[in-house]
Protein chains: 2
Amino acid sequence: MARTQGSHSEITGPRIRAAALKLFAAHGYAAVSMRQIAREVGLQAGALYNYTPDKQDLLFSLMKAHMDELLSACASHVTSGDATTRLRNFVDFHIQFHMGRADEIFIAYMELRNLSPENFETIEALRRAYEDTLGAILEAGLTEGVFDVPDPKVTTRALIAMLTGITTWYRPDGYLSPADVSEIYWNMTRKAVGV
Amino acid sequence: MARTQGSHSEITGPRIRAAALKLFAAHGYAAVSMRQIAREVGLQAGALYNYTPDKQDLLFSLMKAHMDELLSACASHVTSGDATTRLRNFVDFHIQFHMGRADEIFIAYMELRNLSPENFETIEALRRAYEDTLGAILEAGLTEGVFDVPDPKVTTRALIAMLTGITTWYRPDGYLSPADVSEIYWNMTRKAVGV
DNA sequence: TCTTGCCCTGAACACCCGTTCAGTTACAAA
DNA sequence: TTTGTAACTGAACGGGTGTTCAGGGCAAGA
């Protein structure tokens, strides 16, 4: 037996990550075994260790990759303009990004407690950095005198919680298009900050 | 050995539930073993089965009790008045209820996927019932002509997500009192629905 | 054609899992 | 004081866990 036909590192690696992502999102990190992940890919459990040092690192690298992608995509979508424009761009970006990545978002929010302390600190820092981009927009709106928010920090968290909530109910085959959803959430956000 | 001094069913039962609640919230249902729960209470694992038929039922009964308490407390706090008054009462109630029950809320949102299908359906129905109380308030505000919300269902979910978000950051020893938090969230809610 | 080394298998390691149950003890009622 | 039983222990059940590793097959380069 051993190596089967046509298998390659460049193919197997991503397939393992995709399987882990799907299974972690569906059942939770702790409830998924390395053997289940391997079975999903069509391997024996031992083969996974050619691609990850251990299970913990598999989770961490998925979360890290997600956060890195989130931050860089956000930075390129929410760039210039006045505070209101940037807020609108942020809302649109957040909705669009989160709609297409249900599994990643689920894991990023649910599996924080299964990270080792160092890994948690790394992910938490990235999460705070993302939060701060919205925080900065709200602060800018305050100094421009166009927003009416009593506590920018609390408002930031409230808005992000509201926007991220779409992942719990949005389905592509529902009666609302992504643009509809964006419009509804933008109007709520806009009014909530007093524009 | 066997039965140790001064131990009683009326004491041990709640202690087991409290330990399970705490551990499930901290590490997740799948990551916590019956032996860990028993150790926390000072028992052997076998003794737990005098109080729960199995681990799944322990999780379910915690979630069920939480949802029942949520619904009955909500019903008694959000009763009469016009739509705006009831919305304000709902926001205050939700904030106050969720601030003091971080562990319960955490489990109620995170461990849904670890419920058996029948148990999930039961909890999900209660969750929908709670959502519907807010939905009914928004509908009432629409027919009264005082709210401006394009899609009450989406707005309901967005508001609940926003309000529930406090559990991820609120700490009793922070710089904001519960009343401050309530006020901030009420103002955001109020403006978001156009009052 | 031969050889090198990547990729994978399959077995093994020590340990933990939920759950059951015969047996033991402390207490309440008689 | 005796007895009945609720409450609990400790061991056992079959099975699953993450991880390691010697060895074998396949493909590409010499």
Side-chain angles (χ1 to χ4, degrees), chain A residues 1-21 23-24 26-63 107 111 113-119, chain B residues 1-21 23-24 26-63 107 111 113-119:
Chain A
M1 302 263 168
R3 182 177 186 175
T4 51
Q5 214 170 13
S7 50
H8 301 298
S9 158
E10 319 90 68
I11 294 175
T12 305
R15 289 225 297 147
I16 289 172
R17 295 172 61 82
L21 182 74
L23 290 170
F24 287 166
H27 308 109
Y29 173 78
V32 173
S33 72
M34 295 299 267
R35 279 170 242 265
Q36 278 176 63
I37 298 171
R39 198 180 313 133
E40 180 86 13
V41 183
L43 295 173
Q44 293 300 314
L48 300 183
Y49 292 84
N50 289 321
Y51 299 92
T52 181
D54 50 35
K55 190 187 177 191
Q56 165 71 204
D57 196 83
L58 191 48
L59 173 64
F60 173 68
S61 79
L62 287 171
M63 292 178 71
I107 290 176
E111 303 296 356
R113 62 186 167 184
N114 285 311
L115 290 173
S116 69
E118 318 87 82
N119 287 344
Chain B
M1 301 265 167
R3 183 177 188 177
T4 52
Q5 213 171 15
S7 51
H8 302 297
S9 158
E10 317 91 67
I11 294 175
T12 305
R15 289 225 297 148
I16 289 173
R17 296 172 60 82
L21 181 74
L23 290 171
F24 287 164
H27 308 109
Y29 172 77
V32 172
S33 71
M34 294 299 267
R35 279 171 242 264
Q36 277 177 65
I37 298 170
R39 197 179 314 131
E40 181 86 13
V41 184
L43 295 174
Q44 294 299 315
L48 301 183
Y49 292 85
N50 289 322
Y51 299 92
T52 181
D54 50 37
K55 190 187 177 190
Q56 166 72 204
D57 196 82
L58 191 48
L59 173 64
F60 173 67
S61 80
L62 285 171
M63 293 178 69
I107 290 177
E111 302 298 356
R113 63 186 167 185
N114 285 310
L115 290 173
S116 69
E118 318 88 83
N119 287 344

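Everything numeric in this text was worked out from a predicted model, so none of it was measured. Note: hydrogens, waters and symmetry copies are ignored here, and every other heavy atom, side chains too, is used. Here is how names work: the chains are called A, B, and so on, in the same order as the sequence lines, proteins then strands, and each is numbered from 1.
Side-chain contact between A:Asn119 and A:Leu59 is absent, with no heavy-atom pair separated by less than 4.5 Å. Proximity of B:Gln56 to B:Leu115: side-chain heavy atoms (C-beta onward) are separated by under 4.5 Å at one or more points. Side-chain contact between A:Leu58 and A:Leu48 is absent, with no heavy-atom pair separated by less than 4.5 Å.
Nucleotide D:dT17 holds its P atom 6 Å from the CD atom of A:Gln36, rounded to whole Å. The distance from atom CZ of B:Arg15 to atom C1' of D:dC8 is 13 Å, rounded to the nearest whole Å. Atom CG of A:Leu48 and atom P of D:dC21 are 16 Å apart (whole Å). Per the geometry, CZ belonging to A:Arg39 stands 13 Å off C1' belonging to D:dT17, to the nearest Å. Going from atom CD of B:Gln44 over to atom P of C:dG23 covers 18 Å, rounded to whole Å. For the pair A:Asn50 CG and D:dT19 C1', the interatomic distance rounds to 13 Å; values are reported in whole Å.
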Polar pairs (N or O, both sides) under 3.5 Å between protein and nucleotides 18-20 of chain C?
from   : atom 1 : to      : atom 2 : distance (Å)
C:dG18 : OP1    : B:Val32 : O      : 3.4
C:dG18 : OP1    : B:Met34 : N      : 3.4
C:dG18 : OP1    : B:Lys55 : NZ     : 3.1
C:dG18 : OP2    : B:Met34 : N      : 2.8
C:dG18 : N7     : B:Arg35 : NH2    : 2.6
C:dG18 : O6     : B:Arg35 : NH2    : 2.8
C:dT19 : OP2    : B:Tyr49 : OH     : 2.7
C:dT19 : OP2    : B:Lys55 : N      : 2.9
C:dT19 : O5'    : B:Tyr49 : OH     : 3.3

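Distance from the side chain of B:Leu43 is smallest to D:dC8 among C:dC7, D:dC8, C:dC17.
Within the model, atoms CG of B:Leu62 and CD1 of B:Ile16 stand 11.0 Å from one another, a figure rounded to the nearest 0.5 Å.
Checking B:Thr52 against B:Arg17 by side-chain atom types alone, no donor-acceptor pair falls below 3.5 Å.
Considering only side-chain N and O atoms, B:Thr12 lies nowhere under 4.0 angstrom from the phosphate OP1 or OP2 of D:dA7.
Within the structure, the ring pair (Phe, Tyr, Trp, His ring centres under 6.0 Å) test picks out the following pairs touching residues 29-50 of chain B (sequence neighbours left out): B:Phe24-B:Tyr29.
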